[in-house]
Amino acid sequence: VRWTETQPSGAWAAQLSHSPTPTAKVLAMRQLGEQRAGDGVPALLTVLRDAGRHVELRIEAADALSRIANPEAVDA
């Protein structure tokens, strides 16, 4: 399924940080990776570096970061 909702990367980052459901968090991470903008990097790094997060969420964050052409994302 291809998601067609569009919103600014800041809104996706807020969804990632504040949504109560894993599905919404995964969707936000995938959209941040697709936008290839550096705006979502801090939110994705927070998920990636949080050892208390479920491993699947951390994998999604790493995957999204790998698609962002930004030096800060690459260094992660």
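We're numbering straight along the sequence, starting at 1. The figures here come from the full heavy-atom set of this structure, side chains too, leaving out hydrogens, waters and symmetry mates.
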Salt bridge (charged side-chain N to carboxylate O under 4.0 Å, His left out) partners of residues 13-31, not counting sequence neighbours, each pair once: Arg30-Glu60
Test side chain to side chain contact (heavy atoms under 4.5 Å, CB included) applied to Gln15 and Leu27, step by step: CA-CA 9 Å; Gln15 179 174 317; Leu27 175 62; 4.2 Å; yes
Gap separating the CD1 atom of Ile68 from the CD atom of Glu34, nearest 0.5 angstrom: 10.0 Å
Partners meeting side-chain contact (heavy atoms from CB on, under 4.5 Å) with Asp50 (sequence neighbours left out): Arg53
Gln35 (side chain) donor-acceptor with Gln7 (main chain) under 3.5 angstrom: yes
side-chain contact (heavy atoms from CB on, under 4.5 Å) partners for Ala61, two or more places apart: Met29, Leu44, Val47, Leu48
